[in-house]
Amino acid sequence: MNQNPLDQTLENILQRYSLSFSLKVFSEESATEDDLMRVFGLTQLIKAENKQYWGRELGMCWQRVITEVCRENCEDFWTPIRQGKDELCDLIIGLDAIDTKYRIGSGDAGTLKKFREYAGKLQGLGLTPILLILRTDNLPQAINACRMGGWTVMEGSHAYEYIRNKTGFDLESWLQDRRNRYSIAS
C-alpha cells in the first residue's frame with residue numbers, strides 16, 4: 001500500500017506513541033499491608049478511600065520515626081539541609097544525606113527533576129544521597145530515575161537493614177511488635 005507523505009508522518013506519530021504507551025508500566029499499589037499500616041490497623045480498603053491523605057500521613061510518620069531513631073542512636077546525626085525553601089534531605093548521618101519516603105508512586109517530570117537536582121546539590125556538598133523507602137511497590141520508572149539521578153535507593157527490608165546497621169536499632173521488629181497497638185479501626 002502506497003501512502004502519501006502526510007499519512008506516513010501521521011502513522012509514524014501514532015507508532016511512536018503506541019510504543020511509548022506499551023512501555024509505560026503503571027504500578028498499582030500492592031494489596032499487601034506494610035508494618036506501619038499494621039501499627040494503626042489500616043487496611044488497603046481504608047487507604048483506598050483517600051490514598052493521597054494516607055500516603056502523605058504515613059510518609060510523615062515514617063520520616064519522624066526514622067529521624068528520632070537516628071537522632072537517639074547516631075553521634076554523627078545532623079538535621080536536614082535547607083536551601084531557601086527547599087529541604088534537600090530529611091536528615092544526615094555522617095556523610096549520608098537521607099530522604100525518607102513511604103512510597104514513590106509518581107513519575108511526573110517535576111518530581112523526578114527535583115530528585116535529580118537535590119542529589120546533585122547533596123553530592124556537591126560531599127554527601128551521599130540515600131532514599132529510604134518503606135514500601136516495595138514503587139513506580140519502577142521513578143525508582144530508576146532516582147538511581148540514575150544519583151540516589152542510592154533502599155526499599156523495604158533493605159531500608160530496615162540500613163537503619164539497623166547505622167543505628168543498632170531493629171526498627172522492623174519494633175514496628176511489628178506494635179501491630180494494632182494504635183488501631184484506628186472501630
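Every value quoted in this text rests on a predicted model; they were computed, and no experiment measured them.
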Between [atom1] of [X] and [atom2] of [Y], what distance do you get to the nearest 0.5 Å?
X	Y	atom1	atom2	value
L125	C89	CG	SG	9.0 Å
Q176	L36	CD	CG	12.0 Å
N165	H158	CG	NE2	12.0 Å
T136	E155	OG1	CD	6.5 Å
I92	D99	CD1	CG	11.0 Å
K51	R56	NZ	CZ	15.0 Å

Open item on the list: Tell me if the CG atom of L95 is crowded by more than 12 foreign heavy atoms within 6.0 Å.
Closed with: no

TODO: Answer yes or no: does atom CZ of R64 have more than 12 heavy-atom neighbours from other residues, nucleotides or ligands under 6.0 Å?
DONE: no

Of the non-hydrogen atoms in [X] and [Y], which two are nearest, and what is the gap between them?
X	Y	answer
G105	L139	O-CD2, 4.0 Å
F115	K101	CZ-CE, 3.6 Å
G41	S183	CA-OG, 4.0 Å
Y102	G59	CB-CA, 3.5 Å
D35	L175	CB-CB, 4.1 Å
M37	L58	CG-CD1, 4.1 Å

For a 4.5 angstrom cut-off between non-hydrogen side-chain atoms, does [X] reach [Y]?
X	Y	answer
W151	Y118	yes
L134	Y160	yes
E33	K47	no
I130	I93	no

Treat each ILVMFWY residue as a node, draw an edge where side-chain heavy atoms are under 4.5 Å apart, and state whether [X] and [Y] are in one component.
X	Y	value
Y53	I184	yes
L122	I98	no
F169	M154	yes
V69	L91	yes
W174	Y162	yes

Taking [X] for its side chain and [Y] for its backbone only, find out whether a donor-acceptor pair lies under 3.5 Å.
X	Y	answer
D90	Q63	no
W62	R103	no
R147	I143	no

- [ ] Among residues two or more places apart or on two chains, list those pairs meeting side chain to side chain donor-acceptor pair (under 3.5 Å) that have a residue in residues 72-82.
- [x] R82-E87

TODO: Could you walk me through whether D96 and K166 pass the salt bridge (Lys or Arg N to Asp or Glu O under 4.0 Å) test, one step at a time?
DONE: CA-CA 10 Å; D96 291 348; K166 289 290 184 177; 3.4 Å; yes

- [ ] Inspect the contact between R71 and E68 and indicate whether a charged nitrogen and a carboxylate oxygen are less than 4.0 angstrom apart.
- [x] yes

Task: Listed partners of D170 passing salt bridge (charged side-chain N to carboxylate O under 4.0 Å, His left out), at least two apart - done: R164

TODO: State which residue, out of V153, D137, L131, fulfils the side-chain contact (heavy atoms from CB on, under 4.5 Å) condition with I104.
DONE: L131

